[in-house]
Amino acid sequence: MNLSHQLKEHLRTTLRNLQYPDEQIFLEIPPTPELGDRSCAVALALAKKLKLPPHQIAAAIHGSISQIESLFRKVEIAGPGYLNFFWSGSALSAVLTEILKTGESYGSSTLGAGARRLFEFVSANPTGPMNIVSARAAALGDSLVRLHQKIGFVADAEFYVNDAGRQVRLLGESVQVRVKELKGEAVAIPEGGYHGSYVIDIAKVALTEYGGDLFHDSGDLVGRWAANRIVLDQRRTLEEYGVRFNRWYFESELHENKAHLQVLEELKNAGHTYEKDGALFFKSTQFGDDEDRVIITQEGRPTYFLPDIAYHRDKALRGYAKAVDLLGPDHHGHAQRIKAAMAALGLPADFLEIIIVQQVNLLRSGQPVKMSKRAGEIISMDELLAEVGADAAKQIFLSRRWSSHLDFDIEVAKDRSEKSPVFYVQYAHARICSIFRKADQQIDFSSADFDLLTAVEEKELLRALSLFPDVVEAAALQYAPNRLNSYLAELATIYHRFYHNCRVLSDDLEQTKARLALCRAAQIVLKEGLRLLGMSAPETM
RNA sequence: GCGCCUGUAGCUCAAUGGAUAGAGCAACGGCCUUCUAAGCCGUAGGUUCUGGGUUCGAGCCCCAGCGGGCGUACCA
């Protein structure tokens, strides 16, 4: 159990002993170290309920908890009624010991208790290469999966491939047109078809592999073939980006299993549907949606909505306790209806959580770059990553919260990529690695005397390292990797300051040992923090 | 019209309803015979869009207004 969890437990016990009403215990990190290592505003929160001055409550808690000397050396009441806790030297030594002992597992917890969570993200249509929005979603989703695994959830990543429906047929027809074009025949691209140059590339492959016979087949068939090629490309791009999915779930699988028809029967039998104007509607208004939605068209064809319901239902059938979807802002209207469908199928209200990841405005030297797959104006994710680099791009995405509409200027990103904050963090890690390369390998720092770490920079570093588990937990539960990103930048600053002012390798063997131990701990936390953000931790730079 | 998101330093963005609103970049001034200067130290930069409200306390919550983005299909 980490320090914060122990402190919370003590506070809960104290509140019970004082017979105060139940109150959520929340620990904060004070703005400056002078105000302590952790603070708690519970006295302020209780003041309202108890109708007592916050200071009086804080004093009562203070009087009751102050005996526990092993955890903190000092508790202060400050400001309007904060309780500020200062870790004891032994508690901080224990943190250092724990980091050295547990290594990369430091910061892990069992909070999630093995509950299964499925994160679905990117799910870009297989009708063209991915763009920068997918890069943002991929960075975020990947980090959330890692963070949830870290705190004890069984978290999986999934990519849903819409390889069915009209868009795939149009893709097929667009390919057919390009094949004819390559054979010298001029044909117009169908209404709503895809104009991008990648379609020509696919047509060239079709021509060499199939000799051009492809355009005799149905658009659907050609579309499926082309979509599969595109999906392979998407997977390669994402893997180069460092993002892997546990499963690529094809919509066509659902159609083959008739899973959508099964869900349809269920909705019908439960009385959640009705016919109107020859179409079949789902009564989503009964579950909070603005209007009822068509699930079977007049022509008797299911809309995209029906298989989508089946897909999300399937997540529950596969044993996930919670499904988290990262969707783009253009799909926000979709959120309510799919949630309505989950409710109609009897799933708990919090089964499906939808995060709308806001758009990325792509700029080049301040000028907006408009993107449209159909018009063929695309700056692909591949091109972006080649220009900016995966780590620097991820840093930009993960330093913002998901609700921010962010500007991504390619030129600025290129110019600044060398100055990216991610390099600052990686550099701290590389510097530590360098020290260990220079250090005498015979030195056993596990037996170091941590009481020698008395310099301001050393104590600051210890304090920062003790925060890591709290930050990881908050970042995961709030779906906010940007918190971890800020923390790592702060930790790197503190490390660089330590590095500048405290020489590690010296003639003083005992001091060298203690500082090596501190460096190892910082190295572990920096590397693990970067890993949780999906970024690399190079040993030299 | 309605719905979702958004407005914070010159720029890009942080800040679980808490203490003195913080970083990076850009600007200016210092520090390399010492474990990596992709670093350190310092200066400057703010009416958190506006007006009300809620409360011990509001950048954050509520109401109204103004500005920006995105939706508003029997497409996916």
Side-chain angles (χ1 to χ4, degrees), chain A residues 24 26-32 35 39 41 44-45 47-48 53-54 78-82 84 123 125 127 162 164-168 170 192 251 276-281 290-291 293-305 307-308 328-336 356-359 361 366 395-396 399-409 412-413 415-416 418-428 430-439 474 477-478 480 482-483 485-486 489-490 492-493 495-506 512 515 519 540-541:
Chain A
Q24 183 87 18
F26 196 87
L27 294 182
E28 298 169 43
I29 292 142
T32 64
L35 291 169
S39 74
L44 296 166
K48 208 171 297 179
Y82 289 103
N84 288 342
S123 299
N125 279 328
T127 52
N162 289 111
R166 199 173 72 103
Q167 57 174 3
V168 171
L170 281 167
E251 184 185 351
K276 189 182 144 197
D277 304 332
L280 192 72
F281 283 75
D290 297 332
E291 52 184 294
R293 308 291 169 176
V294 174
I295 48 177
I296 301 284
T297 66
Q298 282 175 337
E299 294 93 54
R301 201 165 39 80
T303 64
Y304 81 96
F305 187 35
D308 214 43
D330 51 336
H331 286 73
H332 83 253
H334 178 63
Q336 202 148 32
I356 304 295
V357 181
Q358 287 299 332
Q359 71 198 54
N361 297 318
Q395 201 289 140
I396 289 174
S399 63
R400 280 99 164 131
R401 57 190 201 279
W402 40 263
S403 59
S404 77
H405 307 211
L406 73 87
D407 287 347
F408 192 112
D409 193 310
V412 173
D415 287 351
R416 309 277 163 78
E418 304 176 346
K419 297 165 190 165
S420 169
V422 71
F423 291 114
Y424 182 78
V425 176
Q426 290 173 329
Y427 187 52
R431 275 180 146 180
I432 297 174
C433 293
S434 174
I435 290 176
F436 280 108
R437 280 192 298 270
K438 291 248 162 65
L477 296 179
Q478 296 169 26
N482 61 297
R483 288 184 169 274
N485 183 75
S486 311
E490 175 73 17
T493 297
Y495 184 79
H496 285 307
R497 195 145 54 213
F498 161 79
Y499 181 92
H500 191 258
N501 293 328
C502 305
R503 195 179 164 79
V504 176
L505 303 176
S506 72
T512 299
R515 288 183 172 171
C519 284
T540 57
M541 287 179 75

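In the text below, chain A, chain B and the rest are named by the order of the sequence lines, each starting its count at 1.
Using the Watson-Crick or G-U wobble rule with both distances under 3.5 Å, B:rU48 pairs with nothing in any strand shown. Across all strands shown, B:rU54 forms no Watson-Crick or G-U wobble pair with both key distances under 3.5 Å. In a base pair of the Watson-Crick type (N1 to N3 plus N6-O4 or O6-N4) or a G-U wobble (N1-O2 and O6-N3), with each distance short of 3.5 Å, B:rA27 is matched with B:rU43.
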Restricting both atoms to N or O, compile the protein contacts to nucleotides 19-22 of chain B shorter than 3.5 Å, with distance only.
residue	atom	partner	partner atom	Å
B:rA19	N6	A:Ser39	OG	2.9
B:rA19	N6	A:Asn84	OD1	3.2
B:rA19	N1	A:Asn84	OD1	3.3
B:rA19	N1	A:Asn84	ND2	3.1

Legend entry - Summary of protein contacts for nucleotides 30-39 of chain B, nucleotide by nucleotide, where a base hit scores B, a sugar-phosphate-only hit scores S (4.0 Å, heavy atoms): ----SBBSBB
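Backbone-only engagement by A:Arg401 is indicated by non-hydrogen atom pairs under 4.0 Å involving sugar-phosphate atoms exclusively.
Between A:His334 and A:His331, the ring planes lie perpendicular to each other; the angle is over 60°, past the 30° to 60° tilted range.
Between the side chain of A:Arg515 and the main chain of A:Arg503, a donor-acceptor pair closer than 3.5 Å is present.
With sequence neighbours left out, the ring-ring contact (aromatic ring centres under 6.0 Å, His included) criterion links A:His496 to A:Tyr424, A:Tyr427.
Toward the 5' end of RNA chain B, the nearer of the two residues A:Glu291 and A:Phe26, judged by each one's closest nucleotide, is A:Phe26. In terms of position along RNA chain B, the nucleotide closest to A:Gln336 lies nearer the 5' end than the nucleotide closest to the other residue of the pair A:Gln336 and A:Thr303.
Atom P of nucleotide B:rA76 and atom CG of A:Asn162 are separated by 9 Å, given to the nearest angstrom.
To the nearest 0.5 Å, atoms OG1 (A:Thr303) and CG (A:Asp308) are separated by 9.0 Å.
Using modelled atom types, one finds a donor on one side chain and an acceptor on the other under 3.5 Å when comparing A:Gln167 with A:Asn125.
In this model, no side-chain donor or acceptor of A:His334 finds a partner on the base of B:rG71 within 3.5 Å.
For B:rC75 and B:rA15, the C1' atoms lie 41 Å apart once the distance is rounded to whole Å.
Side-chain contact between A:Gln358 and A:Leu406 is absent, with no heavy-atom pair separated by less than 4.5 Å.
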